[in-house]
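Keep in mind that what you see is a predicted model, and the values were worked out from it rather than measured.
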Amino acid sequence: MNSGACTATLHFYSHTQDGNPPYLYLTSKRSPPEGQPRCNIVNKAVEVTVRDLRGLENKFSTDRNGFQTAAIDWKHLENAAGTAAHPAHVHFDWDNQTLVTDTVHPLAIAALRNAFPSAASVQVIGTCIPRSSDPSHKLSPSSSNLLVHPACAVHIDQSHTSGIEIAQRFIPPHLVGKLRFQVVNVWIPLSDTVVDYPLALCDSQSVSEDAIVPVKTFLIARDGENCRIRHEDKMEWWYWSGMKRGEALLIKCFDSQLLEGCRVRCPHTAFRDPRVPAVSEYTGPFRRSVEVRCVVIGAL
């Protein structure tokens with residue numbers, strides 16, 4: 001297992017190829033106008049130092065850094081899947097939405113209720129299952145809509161505008177501005193150990209507002225907005241080495257409350273660990289994970 005700091009290549013926003021505002025079609029079920037690419041974003045590869053937070057877990061919190069570590073009841077997940085004896089990873093039927101809801105969602109909600117004990121409400125708003133290039137698990141057109149490859153561009157899943165729009169769906173108009181509303185992702189590894197594509201997390205305190213670029217996104221049933229991130233030398237990047245079953249990351253994407261006058265949100269990305277053999281030579285373990293996107297509502 002690799003551990004300690006490493007120098008990794010991360011992919012940041014540079015510009016758009018047509019000079020227009022950035023956009024991205026996130027589903028194959030919607031197509032751009034003829035002759036228009038699915039995405040007009042041009043990325044820039046930058047080598048950065050990614051430090052290891054293993055052993056420093058208590059130093060990070062969603063309120064200060066935009067992310068923190070958590071524990072989940074892995075035995076519950078194994079028992080629900082009926083695969084406790086499998087040596088490598090849990091095999092779910094990810095096309096079965098009920099199975100995902102019944103097994104993974106309660107774990108994510110429990111992790112957030114533990115992290116935010118005063119929250120009045122924690123609700124799931126979305127799920128995806130990123131996994132790396134295991135040749136025995138190729139994604140096909142018939143694969144679940146939940147299945148995606150790891151996102152290897154630095155991003156935040158919600159912009160400030162889309163965070164407010166989501167809040168308005170969950171909070172009655174007369175309570176908007178009177179309750180704190182957060183969007184937090186719960187990232188849970190399904191692999192025995194995360195080796196090839198760990199998550200890099202940027203300390204929110206090291207990110208300026210100028211680095212955050214809203215991007216219009218086209219989804220199956222609606223449009224939305226997330227963010228890509230420009231590189232800044234002052235950014236501080238972290239990862240949790242050797243993430244294993246029973247561990248989870250909480251990643252804040254939106255907070256309606258300013259903390260010490262600043263917005264707290266965590267740019268993040270999957271990255272190829274440079275200490276792992278080349279993709280063509282790598283034989284595993286391959287990353288498999290589930291990300292549950294949730295809203296956390298509480299008092300200001």
**Report entry** From CA spacing to verdict: side chain to side chain contact (heavy atoms under 4.5 Å, CB included), Leu53, Phe60
**Finding:** CA-CA 9 Å; Leu53 63 85; Phe60 298 91; 3.7 Å; yes

Query raised in the report: Where the side chain of Ser241 meets the backbone of Ser3, is there a donor-acceptor pair that is under 3.5 Å apart?
Result: no

Query raised in the report: Parallel, tilted or perpendicular: which fits the ring planes of Tyr25 and Phe218, with parallel below 30° and perpendicular above 60°?
Result: parallel

Query - His11 and Thr269: CA distance, side-chain angles, deciding distance, side chain to side chain donor-acceptor pair (under 3.5 Å) verdict - result: CA-CA 8 Å; His11 299 275; Thr269 180; over 6 Å; no

Query raised in the report: Is the distance between the ring centroids of Phe67 and His268 under 6.0 Å?
Result: no

**Report entry** Under 3.5 Å donor-acceptor, Gln68 side chain and Thr62 backbone
**Finding:** yes

Report summary line: Students should find that the hydrophobic cluster of Val154, defined by side-chain heavy atoms under 4.5 Å apart, otherwise consists of Leu10, Phe12, Val46, Val48, Val50, Ile156, Val207, Ile212, Ile229, Met235, Trp237, Tyr239, Phe271

Requested in this report: State, without any angle test, whether Ser159 and Glu225 hold a side-chain donor-acceptor pair at a distance under 3.5 Å.
Outcome: yes

Query raised in the report: Is a side-chain donor or acceptor of Asp273 paired with a backbone partner of Arg275 at a separation under 3.5 angstrom?
Result: yes

Requested in this report: Show the numbers, then the answer: is there a side chain to side chain donor-acceptor pair (under 3.5 Å) between Asn226 and Asp157?
Outcome: CA-CA 5 Å; Asn226 63 22; Asp157 290 50; over 6 Å; no

Under 3.5 Å, which donor-acceptor pairs do the side chains of residues 171-180 form with other protein atoms, sequence neighbours left out?
from	atom 1	to	atom 2	distance (Å)
Arg180	NE	Asp255	OD1	3.2
Arg180	NE	Asp255	OD2	3.3
Arg180	NH2	Asp63	OD1	2.7
Arg180	NH2	Asp255	OD2	2.6

Query raised in the report: Are any of the side-chain heavy atoms of Phe254 and Ile164 separated by less than 4.5 Å?
Result: yes

Query raised in the report: With a 4.5 Å limit on heavy-atom distance, are the side chains of Val122 and Val295 in contact?
Result: no

Query raised in the report: Where the side chain of Glu232 meets the backbone of Ser208, is there a donor-acceptor pair that is under 3.5 Å apart?
Result: yes

Requested in this report: Report the residue from Val104, Leu107, Val186, Thr103 that forms a side-chain contact (heavy atoms from CB on, under 4.5 Å) with Val290.
Outcome: Val104

Requested in this report: Establish, from distance only, whether the side-chain atoms of Asn65 and Asp203 form a donor-acceptor pair under 3.5 Å.
Outcome: yes

Query raised in the report: Side chains of Lys44 and Tyr13: closer than 4.5 Å at any heavy-atom pair?
Result: no

Query raised in the report: Any donor-acceptor pair under 3.5 Å linking the side chain of Arg30 with the backbone of Leu219?
Result: yes

Query raised in the report: Any side-chain heavy-atom pair from Pro37 and Tyr23 closer than 4.5 angstrom?
Result: yes

Query raised in the report: Within a strict 4.5 Å, meaning less than it, do heavy atoms of the Leu249 and Met243 side chains meet?
Result: yes

**Report entry** Under-4.0 Å salt bridge between Arg222 and Glu165
**Finding:** no

Query raised in the report: Taking Ser204 for the side chain and Arg265 for the main chain, is one N or O donor matched with an acceptor at less than 3.5 Å?
Result: yes

Query raised in the report: For Asn20, does the CG atom have more than 12 heavy-atom neighbours from other residues, nucleotides or ligands under 6.0 Å away?
Result: yes

Requested in this report: Would you check if the side chain of Asn40 reaches a backbone N or O of Asp18 as a donor-acceptor pair within less than 3.5 Å?
Outcome: no

**Report entry** Exam field: side chain Thr217 to backbone Gly224, donor-acceptor pair closer than 3.5 Å
**Finding:** yes

Requested in this report: Would you mind reporting whether Arg245 and Pro189 have side-chain heavy atoms less than 4.5 Å apart?
Outcome: no

**Report entry** Closest approach of Pro274 to Cys6 (non-hydrogen atoms, all atoms of both residues)
**Finding:** CD-SG, 4.2 Å

Query raised in the report: Does a donor on one side chain and an acceptor on the other come within less than 3.5 Å for Ser289 and Glu291?
Result: no

Report task. Check whether any side-chain N or O of Asn43 sits under 3.5 Å from a backbone N or O of Ser14 as a donor-acceptor pair, and report yes or no. Result -> no

Query raised in the report: Would you say the side chain of Pro214 lies within less than 4.5 Å of the side chain of Thr161, judging by non-hydrogen atoms?
Result: no

Query raised in the report: Is there a path of hydrophobic side-chain contacts, each under 4.5 Å between heavy atoms of I, L, V, M, F, W or Y residues, that connects Val42 with Val213?
Result: no

Requested in this report: In sequence, state the C-alpha distance, the side-chain angles, and the governing distance for Cys253 and Asn185, and then conclude on side chain to side chain contact (heavy atoms under 4.5 Å, CB included).
Outcome: CA-CA 7 Å; Cys253 296; Asn185 294 350; 3.6 Å; yes

